[in-house]
Every structure is written in structure tokens, then in C-alpha cells.
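Structure first, then comments.
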There are 2 protein chains.
Amino acid sequence: MIEPPGRRERKKAATRQKIADTALDLFLERGYDVVGIRDVAAEADVAVTTVFAHFASKEALVFERDQDFEQRLTRAVTDRPPQEPLIPALQREVQALVRHCTAEGSAPVRRMIEGSPALREYEESMSLRLAQALAGVLAADPRLSRSATACRATARFVIDAYALACWADDPEATVDEVFRMIDAAWQATAP
Amino acid sequence: MIEPPGRRERKKAATRQKIADTALDLFLERGYDVVGIRDVAAEADVAVTTVFAHFASKEALVFERDQDFEQRLTRAVTDRPPQEPLIPALQREVQALVRHCTAEGSAPVRRMIEGSPALREYEESMSLRLAQALAGVLAADPRLSRSATACRATARFVIDAYALACWADDPEATVDEVFRMIDAAWQATAP
DNA sequence: TGCGAAACTCTAACCGTTAGGGTTACCGTC
DNA sequence: GACGGTAACCCTAACGGTTAGAGTTTCGCA
């Protein structure tokens, strides 16, 4: 099924990777806001337009690592075992995502995000998209049958847990504590 | 105590007001993204730099109306009667804020916000600031004595209720429903 | 009256982003 | 193996938000 990609696709992927790597290196080395897109393009030896052919914005260069969060979260809901309750399944997945974000090597990147309002805003807007996707699968799950409002609220609460934990001193404990609240909130929506 | 402001301050306020009014008029009339800052400045008969002396960004021109949300929310917590429980007090205030945002005259503005990703992102980032301020007063309230995490989570949940209701078909019912969830979540944090 | 400062002005740029249009390199087909 | 289509890439030039710098007007106050 999986054909080995042709030269064309390999070159494209290589270009994308090189841009992302170069950008992150430059950002970490000199600072996010003193490095311009033109610098990144020059260092990666591509045209500025090529950068924007691969990435929608300067901020997107920083968050390439967590592209698949949306899929992971929605699958945690749709692919959970038949009798598995919703909240613990979500909690496990959020723990995994948070671990990924607060891993050893991610510390400099997180410090960089913390220091740039533009990056923090971008992360928030990603979270919003995440919450909307999650609300969608919650509303569609026949095992749940909750109101659209309950689904949307729960989705946002879950993303809140993720966002809070990413910046907390003790991420794992934060997820647990917030999910205790989410569980209570979810029970309160039982039809 | 309150001195009548001198000519200087009155002129400054008038300039600010004129810029905001002109901007909103132009935005609603021609569309947010086809109207540039230079257009606004020209129509208001001021320099572009003056616009930015009064407003931090183009988006801020649209949201001048709800500057005091932060103060209103925090006061709803700190100024509530001695024995008044937290959640209903917050719920009332959120209802008021939502009513303000979904009032008759606000419809065109909300449609404009809906149509512009930049404006929606800006609104989200304002919400984040709101949640942080709220978390602060919750943590400081001696009547509550909950963990910092519980305060932060609750604050975000409350802002979620506000954000969801602003875009819901039935804002008032949405606030009520989400606050039923928030109440359950908050009870679950009792020490 | 005159001084200091705040409000405002103009000019000229910086930076992210995009449109337009051209070149190269790969892929599938005859 | 030549060949046409097209995806990836390039360059130039611009647009629009935003800011620095430096000058001018207007106000408040001594």
C-alpha cells in the first residue's frame, strides 16, 4: 500500500524539514523576535515565498512538532474501547500530550514561547481549534448523548486542563486535579 | 475629589473617541479588512502615529467598548455580600456581560468579529487575560481557600462559559447550563 | 510671560505576508 | 527516449500594521 515516495516528495519534505530546523535553531540562538523570516530563508537557502509555501506563518515554524494533537485527541475519544468511560480516556491522552510538551528537550522552546506574546497568542488559537474539534467528536459519539452545549463546554474544559498543565510547576498533578473537576462537571450533565 | 478635567485631557479624550467612532463606522460600512489604519487616520483627521498612541493595535479599536470587563468580573468576586456563595455571584455577572455583548445594537459588530480571524484571535487573547485576573482574585479570597490550580481552572471555566454564550443561539440558557457544570466542578475542589 | 511637558505631526522605515509571473525538475505517457 | 503537464521553487514588488526619530503645537502652571 505504502509506496516509497518519489524523489519529488522526498525533496519537498527535506526542504520543509530544513526550514523548520533552521528556524528553530536561529530562534533559540538569537531570539524569536530579532530573527526575521528573511533571515530564516537566507540561512535555509530558500526564497521567502518558499517558507510561506510550507508554513502558514512565522509562529507555525515553532509549533511544527505538535501538528497531530488534534488527531490524537479525537482518536482518544473515537477509538477508546467500547465500555471505556470518556473522562479517564481523555485524561490519559492529555497526560501524554502534556508529557510531550514538557519533555526534557522542550524546555528552551517553552521558555521562548513564554517570552513572546505572539507565540502565546498563537498557542491559544491552536487550543481553540483543538477544543472545537474535540467538541465535534463528543457531540457525534452515540455513547454519550449530551447536549451540544455540554459537549462544547467539556471540550473547552479539557483543553483548559492541557493549557494549565503545560505551564504548571507539576504538570502531572495539575492534569489530575483539573480532571477531578472535569469529571464532576461531566457527571452533572448526565441526561 | 474629582476635578473637572482641563482642556488638555478633554481634547485627548475627544481625539480618542473620534478615532474609535470613525474606525467602527468605517469598519462596519466597508469591511474590517479592506479598511486600513491609514484610512481610519485620514477620516479621523489625525496622524497614523496618533492612532497608535491611543490604541495598541487595529483590533483594539473594535473592542474599546468592553475595556472594563476585567474590573467588573473581579469586583463581582471581591464585592459580593459576606455570605454570598461564589458561583452564583459569578453567574450573575457573566449573564450581565453576555447580555451586553449580545445586545441589539451589538449584532453588526459581532458579525464583523465572526468574519475576521484576526478579531476572533484577539478576543480569545483578551479572554485569557480575563481568566488570569479572575484566577488572581479567587486565589486571594480568604473565604474560598482553594488550591491555585483549582482557582486557575475555575477561572478558565467561567471564561469558557462567557465565550461559549457569546456565540450561542440562546446565550442565557448556555450560561445557565455551563454554570451547572462549573458548580459541580467547584464543589469537587472543596478542601 | 515664559518654561516644561504632553499631545500631536511627519517621514521613513521594518517586518510579516502575498500577488504575479517566470524557471526548473520531476513524473507519467507516447 | 523525447515530451507535455505540473508541482516546487525563485524573484520582484508591493501591501498593511507598526514603530522610531525628530520636530511642532498647545496646554498647564509658576
Side-chain angles (χ1 to χ4, degrees), chain A residues 2-20 22-24 26-27 30-64 112 116-123 125, chain B residues 2-20 22-24 26-27 30-64 112-113 115-123 125:
Chain A
I2 299 170
E3 293 296 320
R7 200 198 322 272
R8 201 178 216 160
E9 290 181 49
R10 267 183 292 118
K11 281 197 173 182
K12 183 179 180 181
T15 301
R16 181 189 172 87
Q17 194 63 42
K18 181 165 187 191
I19 293 170
T22 305
L24 208 51
L26 286 184
F27 291 161
R30 304 186 200 162
Y32 178 74
D33 23 343
V34 320
V35 174
I37 288 288
R38 289 160 177 91
D39 300 326
V40 173
E43 184 80 14
D45 200 27
V46 294
V48 170
T49 41
T50 302
V51 176
F52 285 105
H54 286 274
F55 300 92
S57 68
K58 186 186 181 187
E59 293 91 43
L61 286 165
V62 174
F63 291 95
E64 214 221 340
M112 181 173 85
S116 160
L119 288 176
R120 268 176 295 147
E121 270 199 40
Y122 186 82
E123 197 179 26
S125 81
Chain B
I2 298 170
E3 293 297 319
R7 200 200 319 273
R8 199 173 216 163
E9 290 180 49
R10 266 183 292 119
K11 281 198 174 183
K12 183 178 181 182
T15 302
R16 182 190 173 88
Q17 194 62 42
K18 182 166 187 190
I19 293 171
T22 305
L24 209 52
L26 285 184
F27 290 161
R30 306 187 199 160
Y32 178 73
D33 22 345
V34 319
V35 174
I37 287 288
R38 290 162 177 89
D39 300 326
V40 173
E43 184 79 14
D45 199 27
V46 294
V48 171
T49 40
T50 301
V51 175
F52 285 105
H54 286 274
F55 300 92
S57 68
K58 186 187 182 187
E59 293 91 45
L61 286 165
V62 173
F63 291 95
E64 216 222 338
M112 181 172 86
I113 296 169
S116 160
L119 288 176
R120 267 176 296 147
E121 270 200 40
Y122 186 83
E123 197 179 26
S125 81

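Lettering of chains follows the sequences in order, A, B, ..., and the numbering in each one begins at 1. In this text, all values refer to a predicted model and were calculated from it rather than measured experimentally.
Rounded to an integer number of Å, the gap from NZ of Lys18(A) to C1' of dC9(D) is 14 Å. Rounded to an integer number of Å, the gap from Phe27(A) CZ to dC15(C) P is 13 Å. A straight line from CD of Glu9(A) to C1' of dC26(C) spans 11 Å, rounded to a whole angstrom. Atom C1' of nucleotide dG16(C) and atom NZ of Lys58(B) are separated by 15 Å, given to the nearest angstrom. The separation between Phe55(B) atom CZ and dT18(D) atom C1' is 16 Å, rounded to whole Å. Following rounding to the nearest Å, Arg10(B) (CZ) and dG28(D) (C1') show an atom-to-atom distance of 13 Å. Between the CZ atom of Arg30(B) and the C1' atom of dG16(D) there is a distance of 16 Å, given to the nearest Å. What separates CD1 of Ile37(B) from P of dC14(C) is a distance of 21 Å, to the nearest Å.
Heavy-atom distances to DNA chain D give each of Arg38(A) and Val46(A) a nearest nucleotide, and the one nearer the 5′ end belongs to Val46(A). Residues Ala47(A) and Arg8(B) both approach DNA chain D. Their nearest nucleotides, taken by heavy-atom distance, put Ala47(A) toward the 5′ side. Where Val48(B) and Tyr32(A) each meet DNA chain C at their nearest nucleotide, the meeting point lying more 5' is that of Val48(B).
For the OP1/OP2 pair of dC9(D) and a distance below 4.0 Å, the side-chain nitrogens and oxygens of His54(A) include at least one atom meeting the criterion. Distances shorter than 4.0 Å separate some side-chain N or O of Thr50(A) from OP1 or OP2 on dC10(D). The side chain of Arg7(A) contributes an N or O atom lying less than 4.0 Å from OP1 or OP2 of dC26(C). Remark: Thr15(A) is in phosphate contact with dC9(D), judged by side-chain N or O atoms under 4.0 Å from OP1 or OP2. OP1 or OP2 of dC26(C) sits under 4.0 Å from a side-chain N or O of Lys11(A).
Closest non-hydrogen pair, Glu59(A) versus Ala118(A), comes out as CG-O, 4.1 Å.
Asp45(B) comes within 4.0 angstrom of the backbone, heavy atoms only, and of no base. Contact annotation for Val35(B): backbone-only contact, meaning every heavy-atom pair under 4.0 Å involves sugar-phosphate atoms and none involves a base.
Note: Gln17(B) CD to Glu64(B) CD = 6.0 Å, rounded to the nearest 0.5 Å. Between the CG atom in Asp45(A) and the OG1 atom in Thr22(A) there is a gap of 9.5 Å [rounded to 0.5 Å].
Contact annotation: the side chain of Val62(A) never approaches that of Tyr122(A) to less than 4.5 Å [non-hydrogen atoms, C-beta and beyond].
Interface remark: the Thr49(A) side chain does form a donor-acceptor pair with the dC11(D) base, using a distance-only criterion of under 3.5 Å.
Looking at Arg16(B), its side chain does come within 3.5 Å of a backbone N or O of His54(B) through a donor-acceptor pair.
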